[in-house]
Colleague: 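Dropping the structure in here first, questions after.
Ligands are counted one by one from 1 in listed order, and the atoms in each one are counted from 1 as well.
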Amino acid sequence: MERVKIKTTTGESEVLCDEKFENIGKYLPDTSVFIITDKNVETHYKKRFPEYPVYSVKPGEKSKTVQVAADICKWLLEMGADRKSFLLGIGGGVVCDIAGFAASVFMRGIDFGFVATSLLAQVDASVGGKNGVNLDGYKNIVGTFNQPKFVLCDANMLKTLPKEEFINGFAEIVKHALIADADMFDYIVKNADEMRSCNKKVLEYLVLKSVKIKAEIVMADEREKNVRRKLNLGHTWGHAIEKVAGISHGKAVSIGLAYAALVSLEKQLLSKKDLDRIVSLLKTLELPISFREYTSEATIIFNAMIKDKKKTDDSIDFVLMKGIGSVVVEKIQINELKNY
Ligand code: ADP
Ligand code: ZN
């Protein structure tokens, strides 16, 4: 087990990498604890939950609403929760987002922690302290920066994850390697088959690496004023595809990474050889590399991307790859981006 500490202005958090779910009791406070989960996770793990009241939401992004957060707050009141109570989210990114948000606003904020049960949640949602819900189709528009006390990551829990969801997590792992660690990229290339077959040691190693990379960036810039923007690699184009084609976040990020690699090649920051290595790795991991697999609406996606990003003049901030393992944020003219 390895603990990764995250210290920011909004508090201190700890990611417990490679810790067993059975040990959760060690990290819970002596006060009253309430559990938030979703129906799928409940079905698989309810028997192993610590013995506290459970509120279960419908699985999926649709549960990330102000209304669901309000329902949780009402339930907490009915159950007699107070300022000292502790909220434990057990689930994927959606559960972590809702539980973190509800805990942040209930009685002006109570302590909370997560058991991250999806690969995406372990490598991404576990670090950063962003909690939020959607509003009228706009993602994470209502939310807070607030650190969980801990995030427990147990690779054994990934075995029950549907294959699609499992593969989605690979995209953010590859993203972290591309941003900060060429050796990690090589490791992924070498161990791609083990990843796909859910090799516990390989996954634990990659979760730990991802958590460390993200933790370092978040500690340097919690509120995304400068270096945290690096984490948006693949997300500018990716978010637009996710919205227009309605595909999962992981798949959209994968397509976004391929697109960012192509733009980086055009900008002469990335070699053709490295572009080919990136694309080939994404394919090996069964991730898509082009939006054309899902839609032919290139113009609609492009317009969604421009609308989504805060543009300054006629350009948008774009994260480019400087070789493998390093990135730069550059302004790119919208007209120029159209060519790619
Ligand atoms: P994310 O991919 O951001 O983590 P979700 O929280 O929606 O998004 O999780 C993805 C899906 O996987 C959901 O349907 C959720 O119920 C399910 N899920 C999460 N963790 C597990 C698990 N360990 N076993 C089985 N299903 C899981
Ligand atoms: Zn993402």
Side-chain angles (χ1 to χ4, degrees), residues 20-21 24 35-49 54-65 68 89-101 114-128 130-134 139-140 151-179 198 200 203 207 210-211 213-214 217-218 224 228-243 246-257 259-260 287 308 319 327:
K20 290 194 183 69
F21 181 37
I24 184 70
I35 295 174
I36 308 297
T37 188
D38 75 20
K39 297 281 180 210
N40 293 337
V41 177
E42 184 180 20
T43 305
H44 286 287
Y45 296 99
K46 179 82 191 277
K47 282 196 202 106
R48 292 160 58 190
F49 279 11
V54 176
Y55 188 95
S56 191
V57 302
K58 277 195 200 128
E61 189 76 17
K62 283 212 178 82
S63 282
K64 271 180 61 170
T65 60
V68 170
I90 306 179
V94 166
V95 166
C96 295
D97 258 326
I98 309 171
F101 179 67
F114 302 138
V115 176
T117 63
S118 74
L119 187 57
L120 204 57
Q122 294 192 358
V123 300
D124 197 25
S126 61
V127 186
K130 282 185 180 177
N131 315 290
V133 296
N134 307 331
K139 281 189 87 171
N140 303 320
V151 182
L152 187 150
C153 300
D154 180 349
N156 278 322
M157 299 180 91
L158 301 176
K159 286 186 188 142
T160 52
L161 202 58
K163 187 171 176 219
E164 281 273 312
E165 302 297 345
F166 184 60
I167 286 178
N168 280 334
F170 293 163
E172 300 281 352
I173 292 178
V174 173
K175 182 193 82 173
H176 287 132
L178 289 171
I179 291 173
C198 200
K200 188 167 169 265
L203 289 176
V207 169
S210 282
V211 164
I213 289 171
K214 189 166 179 194
I217 294 175
V218 166
E224 205 169 319
R228 188 162 182 172
R229 288 187 300 165
K230 287 182 181 180
L231 293 171
N232 289 333
L233 177 67
H235 282 61
T236 310
W237 186 232
H239 272 155
I241 296 165
E242 191 175 342
K243 198 163 182 190
I247 60 174
S248 71
H249 185 67
K251 286 203 174 85
V253 167
S254 176
I255 297 168
L257 290 176
Y259 180 74
L287 284 163
D308 187 46
V319 191
V327 288

Colleague: Would you check if Leu231 and Lys175 make a side-chain contact, meaning some heavy-atom pair closer than 4.5 Å?
Modeller: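 In contact.
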Colleague: Below 4.5 Å, heavy atoms only, C-beta onward: do Ile167 and Leu287 meet side chain to side chain?
Modeller: yes
Colleague: State plainly whether the residues Glu242 and Lys139 are in salt-bridge range, i.e. N to O under 4.0 Å.
Modeller: yes
Colleague: At their closest point, which heavy atom of Gly91 faces which heavy atom of Ala121, and how far apart are they?
Modeller: O-CB, 4.3 Å
Colleague: Does one side chain, of Ser56 or Glu42, offer a donor that lies under 3.5 Å from an acceptor on the other?
Modeller: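 Yes, because at least one side-chain N or O of Ser56 sits under 3.5 Å from a partner of the opposite role on Glu42.
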Colleague: Between Lys130 and Glu224, is the salt bridge (charged side-chain N to carboxylate O under 4.0 Å, His left out) condition met? List the steps.
Modeller: CA-CA 11 Å; Lys130 282 185 180 177; Glu224 205 169 319; 2.8 Å; yes
Colleague: Under 2.8 Å from the Zn ion (ligand 2), which protein N, O or S atoms are there? Could you list them by chain and number?
Modeller: Glu172 OE2, His235 NE2, His249 NE2
Colleague: State which residues pass ring-ring contact (aromatic ring centres under 6.0 Å, His included) with Phe49; sequence neighbours excluded, sorted by chain then number.
Modeller: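 With sequence neighbours excluded, Phe49 shows a ring-ring contact (aromatic ring centres under 6.0 Å, His included) to no residue whatsoever.
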Colleague: Any sub-3.5 Å donor-acceptor pair from Asn232's side-chain atoms to His235's backbone N or O?
Modeller: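 No, Asn232 side chain to His235 backbone: no donor-acceptor pair under 3.5 Å.
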Colleague: For Thr160, give me all partners under side-chain contact (heavy atoms from CB on, under 4.5 Å), at least two apart in sequence or on another chain.
Modeller: His44, Tyr45
Colleague: Listing by chain and number, which residues have a heavy atom under 4.0 Å from ligand 1?
Modeller: Asp38, Asn40, Val41, His44, Tyr45, Pro59, Gly92, Gly93, Val94, Thr117, Ser118, Leu120, Met157, Thr160, Leu161, Pro162, Glu165
